[in-house]
Amino acid sequence: MMEFSTWDIVRNLLLAARWTIVLSLVAFAGGATVGLVILFLRISKQKAARVFAGGYIELFQGTPLLMQLFLSFFGLSLLGVEVPAWLAASVALILWTASFLAEIWRGCVESIPKGQWEASASLGMGRFEQMRHVILPQALTIAIPPTVGFSVQVVKGTSLTSIIGFTELAKAGQVLTNATFMPFTVYGFVALIYFALCFPLSKSSQFLERKLNVAHRDH
Amino acid sequence: MGYVFDYSWIGEYSGVLLKGLWLTVWLILVGATFGVALGIFCAWVRALGPKWARPIVGAYVELIRNTPFLIQLFFIFFGLPSLGVQMGETQAALLAMIINLGAYGCEIVRAGIQATTKGQFEAGWSLGLSRIETFRHVVLIPALQRIWPALSSQIVIVMLGSAVVSQIAAEDISYAADFIQSRTFRAFETYIVATLIYLALAILLRQLLKGVGWVLFPKRSAAR
Amino acid sequence: MPFLTRRAVVAAFAALAAVMVGAPHSARAELADITTRGTLRVAVPQDFPPFGSVGLDMTPQGYDIDVAKLIAEKLGVKIELTPVTSANRIPFLQTNKVDLVISSLGKNPDREKVIDFSTAYAPFFNGVFAPDNVAVTKVEDLSGKTVGVTRGSVEDLELTKIIPADATVKRYDNNNGTISAFLSGQVQVVATGNVVAAAIIEKNPPKKPLLKFLIKNSPCFVGMNKDQPNLKAKVDEIIAAAKADGTMNAIAQKWLKTDLPKDL
């Protein structure tokens, strides 16, 4: 009869946490890329683009991530796109992350005073150039703290992939609970590992925010 | 071979969906009420409460905000019984939602409170208001007005996040979808319908919260 | 919260509605596709000992996994195991994420409408289990009790038909949930497989699921998508050969600690 020691539990959870980290990185990197596209559409001069981006954000922020995962999981292949399980999970996480990042960044872009747009336009810059040279560099500084803050939600969001059968930290916790009959210990450790991943991100977001505020006050 | 969509099950299972909808609505209405109350209480403790209690509330807020809701739910439902704390899945789901919203609510309300200046607070005192009264009239109400939109978003997020309570067999909308799916093998169609219900619910909830804001803070709304 | 126009909301609904009625296409893997690909993708349980559970290194092991390996070996291809839950194993097949479901899958008319089954490869009796102090001997005794079951399993479907109206059925997403709920005292009674209960008892849990009564004899079959005559024939052939030459019996001895029943 095999017995799991406390170390076996922790070791297996840590091994599974690698997948949580990989999924988080994929979701965040992909989400940032798609989010940037949605951001451009959202602040575009074209009405159709704005409506599309608005609908996108409404759809992904107005429905549960769990449902998005199910739909991506069972839907993509029905639409004829053959993807492995981890990719289907990533697609849902990426689209969900993008909707939040786009909205966070829009707030940052819009906090740049209108005068800057007008000034750069008077210099003969096109919209893309304005964004690239004038608006984004400033918006970026403002955007860093909330973006880092949102990464915590991404890490936590990956726990839902356990429900569609992806073996990451949360799933490993479930499996180990039944192998050991020690739910309190196992879920305690699972929570601690998530905390160890998320807390530094939360703290650095707060730290960056404070630093930024101080910088602004000094102006 | 093409896959043919089939929604003919909706009639037979509409009762299951409605029952699920009712639980989700009940959970968010009760959960939001107590969650916001807990958040305000925690914000008060952190700002003006007894010194010894502040780090405890701080630890609670950080712990909840930095761990997934799903794990909090499992911990309450599967883990706590080994300490002799046993509760049904609906209570566990509700408790998890209250604790979760309480932590986020605390941070949101606190951000609103911090915008209140020391001078305003002292003015309240000098008018002869007690500590609690000053907190209520000078600090809390203006703070709530300021942060109501942020709090509303958080409530919608908690409602959408509640979809995972089906994992402990609480019979909400996503449970209904899982149940129907296991009977009809129409996974995709079932989840599409469930997703539409959630979307409608999110939009309605946002409108409702806007309405609540109007009632709670009439002056400000009138001024707009 | 996003400041969104009514138009955005309409767009969101329209997008979902479009997905609802779209005309998709789903490719099915026949035997030739599997041999060309060189891997057999099999859905197996990881929360259902002794059919499938995890070892110390978290890799799946059990009766179902051994059968999966056997079939892959006879097909001369590599194996790719995908852990699934009872609730989502059929959708995994329908959406072509796996070629075969070897996940202690029982057969019933509803399932036969959507997927095909091989011949039986393992015995399975499901029943109602509870600790010593719970007085239940027949289905009527469940009246007023709370029974945990894994959603979408044969026990769920069968029990739902016969259980008294005043009994409560709690349906969990996967066997982990069902077993955890029983062991943590969230439900007094569980419906599951006899060997599953035996595997739990063997690990000496705080609460022992003892057999109260059997619900149904529901042997396990390999599930596959419809219209794959070559794959079905080949899987049947492999199972028949394994039964004849004692390979299957050895797997039964290893995991169930008993011989295969003669009538399987």
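Hydrogens, waters and symmetry mates are skipped; everything else that's a heavy atom, side chains included, is used. Letters go in sequence order (proteins before strands), and every chain restarts at 1.
Annotation: C:Lys107, atom NZ; neighbour count of heavy atoms from other residues, nucleotides and ligands within 6.0 Å is above 12. Taking a 6.0 Å sphere around OH of B:Tyr60, one finds it holds more than 12 heavy atoms contributed by other residues, nucleotides or ligands. Around NZ of C:Lys208, the count of heavy atoms belonging to other residues, nucleotides or ligands within 6.0 Å exceeds 12. Counting heavy-atom neighbours within 6.0 Å of B:Trp22 CH2, excluding the residue itself, gives a total of 12 or less.
To the nearest 0.5 Å, atoms CG (C:Asn88) and CD (B:Gln181) are separated by 7.5 Å.
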Audit row: B:Arg183, C:Thr160, side chain to side chain contact (heavy atoms under 4.5 Å, CB included) steps and yes/no: CA-CA 11 Å; B:Arg183 266 43 180 185; C:Thr160 307; 3.2 Å; yes

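Between the side chains of B:Ser166 and C:Arg151, not a single donor N or O lies within less than 3.5 Å of an accepting N or O.
The heavy-atom pair separating C:Gln186 from B:Met87 by the smallest distance is OE1-O, 2.8 Å. When all heavy atoms of C:Gly152 and B:Ser182 are compared, the closest pair comes out as CA-CB, 3.6 Å.
Two residues are said to be in side-chain contact when any heavy atoms from C-beta on lie closer than 4.5 Å; B:Phe185 and C:Asp110 meet this criterion.
Residue pairs meeting the salt bridge (charged side-chain N to carboxylate O under 4.0 Å, His left out) criterion with at least one partner in residues 94-117 of chain B, sequence neighbours excluded, are B:Arg46-B:Glu107, B:Glu107-B:Arg110.
By the ring pair (Phe, Tyr, Trp, His ring centres under 6.0 Å) test, B:Tyr191 is found to be paired with A:Phe70, residues two or more places apart in sequence or in another chain being considered. With sequence neighbours left out, C:Asp116 forms a side-chain hydrogen bond (donor to acceptor under 3.5 Å, both in side chains) with C:Lys226.
Residues of residues 77-84 of chain B having a heavy atom under 4.5 Å from any heavy atom of chain C, listed by number: B:Phe77, B:Phe78, B:Pro81.
Contact of C:Val149 with chain B is not made at all, since no heavy-atom distance falls under 4.5 Å. Contact of B:Ala200 with chain C is made through backbone and side chain together, with heavy-atom distances under 4.5 Å.
Among C:Arg171, C:Lys113, C:Arg111, the residue with the largest count of heavy-atom pairs under 4.5 Å with chain B is C:Arg171.
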